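This one's a predicted model, so the numbers in the text were calculated from it and none came from an experiment. All residue numbers refer to positions in the sequence shown, counting from 1.
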Amino acid sequence: MPSQKDPSPASDNSAQNQSAHNALEAAGIDSAAISYPHNPDFENGRWFPTWRPYKGDLDRDPVGINDYLPPSKSVLLGIQHTFAMFGATVLAPLLMGFDPNLAILMSGICTVMFFMITGGRMPSYLGSSFAFIGPVIAVTAYAGAGFNANLNVALGGIMACGIIYALIGLLVMKTGTGWIERLMPPIVTGAIVMIIGLNLAPVTIQGVSANQFDAWMATLTVLLISGVAVFTRGMLRRLLLLVGLVLSYIAYFVLTNILGFGTAIDFSAVAAAAWFGLPSIHTPRFEMSAIILIAPVAFILVAENLGHFKAVEGMTKSRVTPYMGRAFFADGLATTFSAGFGGTGVTTYAENIGVMAVTKVYSTTIFVVAGVVAIILGLSPKFGAIIQTIPAALLGGASIVVFGLITIAGIKIWIDSHIDFSKNSNLIIAAVTVIMGTGNFSLHLGGFDLGGIGTATLAAILLNALFNQSGETKTVPSSLAK
């Protein structure tokens, strides 16, 4: 269990400033031009920040990481985050032959675990990672339907990946984040965040394009969510995804179950499901061939989550970088824990970062609520069956909004960091990365498939390392500039 004293660089301001100075100098950036905003409640030298009640105007003021809202509002916002992650967290295990109810349960437990290990300083939800899909299918020869008969072998590989990822987190906690930030400056992380949204776009669009009715319902969902975001105020605006999905669900029910258009919602599974029940637990089996293929996913998760954390830092204007090592360690430990019981590998979810981007609610206490809601859903086949009645067209419409917001968050990293696109080095890094990631260009290292995001991430890191030798790509984040 973590101690009350904060061992991270933030616990010692003088050491932190010197470390930041050295890292910036090594990267060729004038540290004198950098000034981090100081929040004494957030940077209090303890494991958890000093929590404070939110006293701002929800129409105008963002909710800070260490702010907390009244219980009623926290529950509604937490449910919204659960909705935001649900589609992907259920889809990933289905594509690998895992139990989706167990994946939901583990995502909730792992999110609460992440909150505790990071000291409530990194607003994130942990859901099923898509980075494992290719390697797991390759290892298990999964046919794509039903239960994965070789699930246990995949679980051993995922556990090994989680352990490696956690060790990377411990290394970052020990050595600081300077070397990672030099390896992945804003031009790289901005591109990685962008391609996370763009890479998922084709799958989302294909999922709602099976027929014209679904396409129109997805469009209606986009319009309803957008309308709530633009034309409402206060708490209603903060619940744009939840409210938009509820409205589109009602519209879908009327059009299908009552008027006879499209495929009606089938509630038979809801009626047959029990109110309470434990998902099936599976035991991992460790085989070296599976570990070799799956374990390298850890490095994809590092790159992916670095982009997420930088996006969070840009949105919140809070110094979360010193806690990145904790976050890597927490995610790695959570992945190991989840796979140990038969669940998927987990990662911080871009979908929920997209929700934060539009709601401006960054409180980590909201994610504890979301985790608890997911645990309840995972332990209740009845509630899980209700949520699974949400038509794919509506989840697809919501995904269009969320993935679009993720893409814009990547662009915002470039804007906030004053990336100079008059320099050819920046142009090439951004152009190659975005097109590779969007087109899902994938390279293979032996039997390991890097995937579109992994290949694009590797290309961005290598191109940046090559071009940075000439000192051409130097930027100062505007969010940190005086």
Which heavy atom in [X] sits nearest to a heavy atom in [Y], and how many Å separate them?
X      : Y      : answer
Asn148 : Asn150 : OD1-N, 3.0 Å
Asp99  : Ser280 : OD2-N, 3.8 Å
Ala327 : Phe114 : O-CE1, 3.5 Å
Tyr125 : Gly108 : OH-N, 3.7 Å
Thr335 : Gly345 : CG2-CA, 3.8 Å
Tyr349 : Ser128 : OH-O, 2.5 Å

*Any chance you could lay out the side-chain contact (heavy atoms from CB on, under 4.5 Å) test for Val434 and Leu198, step after step, and finish with the verdict?*
CA-CA 8 Å; Val434 170; Leu198 293 172; 3.9 Å; yes

*Stepwise side-chain contact (heavy atoms from CB on, under 4.5 Å) test for Phe328 and Tyr165*: CA-CA 7 Å; Phe328 290 155; Tyr165 189 17; 3.3 Å; yes

*For this output row, return yes or no: ring centroids of Phe341 and His282 closer than 6.0 angstrom.*
no

Do [X] and [Y] come within less than 4.5 Å of each other through their side chains, counting heavy atoms only?
X      : Y      : answer
Pro62  : Val361 : no
Trp414 : Phe421 : yes
Asn464 : Pro185 : yes
Arg326 : Met173 : yes
Phe367 : Pro123 : yes
Met315 : Lys360 : no
Leu155 : Arg285 : no
Phe132 : Cys161 : yes

Backbone N/O of [Y] and side chain of [X]: donor-acceptor pair under 3.5 Å:
X      : Y      : answer
Thr344 : Ala103 : no
Asn152 : Pro284 : no
Thr348 : Asn305 : no
Glu313 : Val320 : yes
Asn66  : Pro49  : no
Thr336 : Ile163 : yes
Thr359 : Val355 : yes
Ser363 : Val63  : no
Thr111 : Leu126 : yes

_Ring geometry between Phe115 and Trp51 (parallel below 30°, tilted from 30 to 60°, perpendicular above 60°)_ = parallel

*asked:* If you apply the rule side-chain contact (heavy atoms from CB on, under 4.5 Å), what do you find for Phe98 with Val136, and how did you get there?
replied: CA-CA 11 Å; Phe98 286 53; Val136 166; 4.1 Å; yes

Supply the atom-to-atom distance [X] [atom1] to [Y] [atom2], rounded to the nearest 0.5 angstrom.
X      : Y      : atom1 : atom2 : value
Ile294 : Met159 : CD1   : CE    : 12.5 Å
Ile109 : Phe337 : CD1   : CZ    : 5.0 Å
Thr321 : Met324 : OG1   : CE    : 4.0 Å
Leu463 : Thr433 : CG    : OG1   : 6.5 Å
Ile104 : Ile376 : CD1   : CD1   : 12.5 Å
Leu333 : Ile117 : CG    : CD1   : 4.5 Å

*Report the C-alpha distance between Ser74 and Leu69 in whole Å, list the side-chain angles of each, state the deciding distance to 0.1 Å, and finish with yes or no for side-chain contact (heavy atoms from CB on, under 4.5 Å).*
CA-CA 6 Å; Ser74 295; Leu69 291 165; 3.7 Å; yes

*Qualifying residue, where the test is side chain to side chain contact (heavy atoms under 4.5 Å, CB included) with Ile366 and the options are Leu77, Leu76, Asp67, Asn352*: Leu77

*Is Arg121 close enough and on-axis enough to Trp47, meaning under 6.0 Å and within 45°, for cation-pi?*
no

